[in-house]
Amino acid sequence: EAGVAQSPRYKIIEKRQSVAFWCNPISGHATLYWYQQILGQGPKLLIQFQNNGVVDDSQLPKDRFSAERLKGVDSTLKIQPAKLEDSAVYLCASSSTASGFFHYEQYFGPGTRLTVT
Amino acid sequence: DQQVKQNSPSLSVQEGRISILNCDYTNSMFDYFLWYKKYPAEGPTFLISISSIKDKNEDGRFTVFLNKSAKHLSLHIVPSQPGDSAVYFCAASGSGSSNTGKLIFGQGTTLQVKP
């Protein structure tokens, strides 16, 4: 079974530029998560999708961050414009859903390390 | 507001000895807890979990203990091996009709197992 795929693995941009990250979850996983992990901290949920609908985006800085999962499979997270404090690893995770219940165990991709200079 | 806390940033143990990683939480609505392991340049991988209806769960060398009254859980690794050297994250999730599977993570503890 293929794992969660993310690209690019590394990205360096200047502040005020824009950047986009891509994620392809495990086949059949209806739930997709984007996390931000700042150095020395644990992952923090940015947005959660169930198929192509948003379940939770309460911690997404909506003035600069956006995410979509148009066909309910892969997803894109965008930052525009980037700030220095956006430097972090952006992790994508997916989980299955059975009988309408969310499964706790999430499978993570390798992440994209973003450096904003 | 840090709802899940791992107060020890790092831990060093000798190979073959026991490693004990600790985690505290503040939200009494959490009812499911997980431990993830992370190697450099990789995403976290699931290690072991425990439901709030239990106080212990064991999987091979890994055992998680939950003390609900103290809002504390711990991960025991016995015996520790050099390959266990990684960052360990504790995570918690809510329950009931509001459950969305959302995980709240601690800051992580870096474990080093010396040969």
Side-chain angles (χ1 to χ4, degrees), chain A residues 3-10 21 23-26 29-51 53-60 88-113, chain B residues 1-10 21 23-25 29-54 57 59 64 66 73 86-110:
Chain A
V4 177
Q6 289 189 248
S7 67
R9 293 296 309 275
Y10 305 91
F21 313 126
C23 172
N24 193 34
I26 292 173
H29 279 192
T31 311
L32 185 147
Y33 309 81
W34 283 103
Y35 289 87
Q36 179 192 58
Q37 186 183 4
I38 293 172
L39 187 64
Q41 299 180 20
K44 183 186 81 171
L45 180 69
L46 291 175
I47 188 167
Q48 176 184 349
F49 291 96
Q50 174 72 7
N51 296 309
V54 175
V55 175
D56 184 346
D57 64 356
S58 58
Q59 297 194 84
L60 185 74
V89 175
Y90 290 84
L91 294 161
C92 179
S94 70
S95 66
S96 62
T97 309
S99 302
F101 290 95
F102 291 93
H103 283 191
Y104 295 107
E105 184 178 334
Q106 297 177 19
Y107 297 83
F108 284 82
T112 296
R113 180 175 295 278
Chain B
D1 177 27
Q2 190 75 27
Q3 298 186 69
V4 179
K5 296 181 182 180
Q6 294 175 255
N7 292 316
S8 298
S10 62
L21 295 93
C23 178
D24 297 294
Y25 62 96
M29 295 302 292
F30 289 147
D31 73 342
Y32 202 82
F33 304 89
L34 306 88
W35 284 94
Y36 278 81
K37 176 180 179 180
K38 186 181 183 304
Y39 292 118
E42 295 183 13
T45 54
F46 171 75
L47 190 58
I48 192 170
S49 62
I50 188 167
S51 165
S52 61
I53 62 174
K54 296 184 176 181
N57 188 28
D59 183 2
V64 56
L66 175 62
L73 63 156
V87 179
Y88 289 79
F89 291 100
C90 169
S93 190
S95 64
S97 59
S98 63
N99 171 35
T100 62
K102 176 180 179 178
L103 296 180
I104 307 297
F105 284 86
Q107 310 95 306
T109 297
T110 300

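Throughout, protein chains are lettered first and strands after them, A, B, ... in sequence-line order, and every chain is numbered starting at 1.
For the pair B:F89 and A:Q41, the tightest heavy-atom approach, listed with the atom from each and the gap, is CE2-O, 3.9 Å.
Interface summary for chain A: among B:G108, B:P9, B:A41, B:A91, the most heavy-atom pairs under 4.5 angstrom belong to B:A41.
One finds the OH atom of B:Y36 at 5.5 Å from the CZ atom of A:F108 (value rounded to the nearest 0.5 Å). A:Q59 contributes atom CD, which lies 5.0 Å from atom NZ of B:K102 (distance to the nearest 0.5 angstrom).
For A:Q6, no part lies under 4.5 angstrom from a heavy atom of chain B. With a 4.5 angstrom heavy-atom cutoff, A:R9 touches chain B only via side-chain atoms. Of the two parts of A:S58, only the side chain, counted from C-beta on, holds a non-hydrogen atom closer than 4.5 Å to a non-hydrogen atom of chain B.
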| said: I'd like to know whether A:Y33 forms a side-chain contact (heavy atoms from CB on, under 4.5 Å) with B:L103, so could you lay out the CA-CA distance, the side-chain angles of the two residues, the decisive distance to 0.1 Å, and finally the verdict. | reply: CA-CA 10 Å; A:Y33 309 81; B:L103 296 180; over 6 Å; no
